[in-house]
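See below for the structure under consideration.
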There are 2 protein chains.
Amino acid sequence: MGTIGAEQLKQLTEEPACPGCGVERTLRVLDGKWATLVVRELLAGPKRFTELRAALGAPSAKTLTDRLRALEHQGVLTRTVFAEVPPRVVYELTARGHSLSGVLHAMPAWGEVNGAR
Amino acid sequence: MGTIGAEQLKQLTEEPACPGCGVERTLRVLDGKWATLVVRELLAGPKRFTELRAALGAPSAKTLTDRLRALEHQGVLTRTVFAEVPPRVVYELTARGHSLSGVLHAMPAWGEVNGAR
DNA sequence: CTGGATCCTCCATGATACTG
DNA sequence: CAGTATCATGGAGGATCCAG
C-alpha cells in the first residue's frame with residue numbers, strides 16, 4: 001500500500017473535466033505535505049536520499065520514498081542508483097521539475113509578508 | 001517563466017528547513033484539496049456559498065464550510081451575511097487574499113504545458 | 001439558502017523492524 | 001545507505017439529517 005497504486009496512477013493520467021485548466025494539473029503534482037518542499041530542495045541541486053530526509057525535517061523513509069516515486073513517475077525528477085558500497089541514490093529535477101520554480105518562487109514572497117496569521 | 005532571477009534563487013535556496021520560512025507559511029494557507037481552488041474562484045470576484053460549491057465540483061457542505069472558515073481566520077477572505085430571506089452569504093478575497101494571485105497565476109502556465117505525460 | 005451536528009471512510013503519514 | 005514490509009493513526013473529506 002505504500003507504493004503507488006493503480007488507482008493513484010490512473011488519477012494522475014486522467015484528464016480533468018476542465019479542459020483548459022492547468023491549476024488542477026499543477027496541484028496534482030504539488031500534492032501532499034512534501035512534494036512542494038522536495039522540489040524546493042532539489043532546485044538547489046541534486047541530493048541524496050538521506051540529505052533530502054534531513055533537509056525536510058526527517059519524514060519517515062516510507063513517506064519520503066512514496067513521494068519521490070510519485071514525482072519520478074510524473075516526470076518531475078530522476079532517480080539515479082550508483083552500484084557502490086555503500087549504496088548511493090541521487091535525486092535530480094528534470095527540465096519539467098525545474099520549470100516549477102516559477103510557482104515555487106512566488107511562495108516565499110507571499111509567506112514572508114504574511115507571517116502573522 | 002521557467003527561470004528565476006539569481007536574487008530570487010538565492011532567496012529560495014538559502015532558506016534552511018526552518019518552520020517559519022515563507023514557503024511553509026504559504027503552504028499552510030494553501031493547504032488541503034480545496035483552499036487553492038477557492039482562492040482561484042474568488043480571484044474572479046465575490047461569490048456566494050452555492051456558487052462556490054458548484055464551481056468547485058460540489059464538495060460536501062461541511063468540507064467547504066470548514067475550508068472557508070480556515071481561510072477567513074487566516075485573513076484571506078471575508079464572509080458577509082445578508083439578513084434576508086432567503087439568506088445570502090458572500091465570500092470575498094481580502095487584500096491579502098488577492099496578493100496570492102502571483103502564486104496562483106504561475107500554476108496554469110505550468111499545468112497547461114505539462115498536461116501530457 | 002446556509003451550514004451546524006453527527007457519524008463514518010479513506011489514505012497520507014508515521015513508527016518500527018528488517019534487508020541487500 | 002537506501003530502501004521494503006507491516007501495522008497503526010490522525011484528520012481531511014464526505015453522507016446524511018436537521019435548523020434558522
Side-chain angles (χ1 to χ4, degrees), chain A residues 1-12 14 16 24 27-39 41-42 46-74 76-92, chain B residues 17 19 24 27-39 41-42 46-74 76-92:
Chain A
M1 284 219 304
T3 55
I4 300 168
E7 183 178 309
Q8 189 180 352
L9 195 58
K10 179 183 168 191
Q11 230 181 6
L12 296 173
E14 260 182 3
E24 275 82 351
L27 288 178
R28 270 203 295 278
V29 173
L30 263 28
D31 197 34
K33 190 159 92 184
W34 301 107
T36 305
L37 298 175
V38 165
V39 172
E41 289 305 320
L42 293 183
K47 277 192 172 58
R48 300 177 57 171
F49 186 82
T50 306
E51 288 178 316
L52 266 177
R53 263 195 91 181
L56 296 177
S60 71
K62 173 187 171 301
T63 297
L64 183 54
T65 299
D66 290 349
R67 292 286 93 209
L68 288 171
R69 291 287 193 277
L71 292 170
E72 184 188 2
H73 283 303
Q74 286 169 322
V76 170
L77 54 81
T78 59
R79 176 174 178 270
T80 307
V81 182
F82 293 86
E84 306 171 349
V85 176
R88 184 161 57 102
V89 179
V90 172
Y91 295 90
E92 184 172 10
Chain B
E24 274 82 352
L27 289 177
R28 268 202 296 279
V29 172
L30 262 30
D31 196 33
K33 192 159 89 182
W34 301 108
T36 305
L37 298 175
V38 165
V39 172
E41 288 304 320
L42 293 183
K47 276 193 171 57
R48 299 179 56 174
F49 185 83
T50 306
E51 289 178 316
L52 266 177
R53 265 195 89 182
L56 297 177
S60 71
K62 172 190 171 299
T63 297
L64 183 54
T65 299
D66 290 348
R67 291 288 96 205
L68 288 170
R69 291 285 192 276
L71 291 170
E72 184 188 2
H73 282 124
Q74 286 169 320
V76 170
L77 54 81
T78 59
R79 177 174 178 269
T80 307
V81 182
F82 293 86
E84 306 171 349
V85 175
R88 184 162 57 102
V89 180
V90 172
Y91 296 89
E92 183 172 11

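If you're wondering where the values come from, they're calculated on a predicted model, not measured in any experiment. Throughout, protein chains are lettered first and strands after them, A, B, ... in sequence-line order, and every chain is numbered starting at 1.
Taking the side chain as every heavy atom from C-beta outward, A:L77 and A:E92 never approach each other to under 4.5 Å. Residues A:L64 and A:W34 form no side-chain contact, since every pair of their non-hydrogen atoms from C-beta on lies 4.5 Å or further apart.
Contact between the side-chain N/O atoms of A:T65 and the OP1/OP2 oxygens of D:dG3 is not found at any separation under 4.0 Å. OP1 or OP2 of D:dG3 sits under 4.0 Å from a side-chain N or O of A:R79. Under 4.0 angstrom from either OP1 or OP2 of C:dG14 there lies at least one side-chain N or O belonging to A:T63. For A:R48 and D:dC1, the shortest distance from a side-chain N or O to OP1 or OP2 is not below 4.0 Å. For A:R53, no side-chain nitrogen or oxygen approaches OP1 or OP2 of D:dC1 to under 4.0 Å.
Under the 3.5 Å distance criterion, the side-chain polar atoms of A:R53 are matched with a main-chain donor or acceptor of A:P59. Listed for the A:R88 side chain is no donor-acceptor partner under 3.5 Å among the backbone atoms of A:V81. Of the possible polar contacts, one joining the B:T65 side chain to the B:A61 backbone as a donor-acceptor pair under 3.5 Å is found.
Note on A:F82: nothing from the nucleic acid sits closer than 4.0 angstrom, heavy atoms only. Note on A:T50: only backbone sugar-phosphate atoms sit closer than 4.0 angstrom, heavy atoms only; bases stay farther off.
If you check C:dC1, D:dG3, D:dG14 against the side chain of B:P87, the one that comes closest is C:dC1. Looking at the side chain of B:R69, the nearest of the listed nucleotides D:dG14, C:dG4, D:dA2 is C:dG4.
Going from atom CZ of A:R67 over to atom P of C:dA12 covers 7 Å, rounded to whole Å. The nearest whole Å value for the distance from the NZ atom in A:K33 to the P atom in C:dT13 is 7 Å. Taking atom CG of A:D66 as the reference point, atom P of D:dA5 lies 11 Å away to the nearest angstrom. One atom, CZ of A:R28, and another, P of C:dA12, lie 14 Å apart when rounded to the nearest Å. Between the CG atom of A:L71 and the C1' atom of C:dA12 there is a distance of 14 Å, rounded to whole Å. When rounded to the nearest whole Å, the span between CD of B:E84 and C1' of C:dC1 equals 11 Å. At whole-Å resolution of the value, CG in B:L52 and P in C:dG3 are 10 Å apart. One atom, CG of A:D31, and another, P of D:dG13, lie 10 Å apart when rounded to the nearest Å.
With hydrogens and angles ignored, no donor-acceptor pair under 3.5 angstrom links the side chain of A:K62 to the base of D:dG3.
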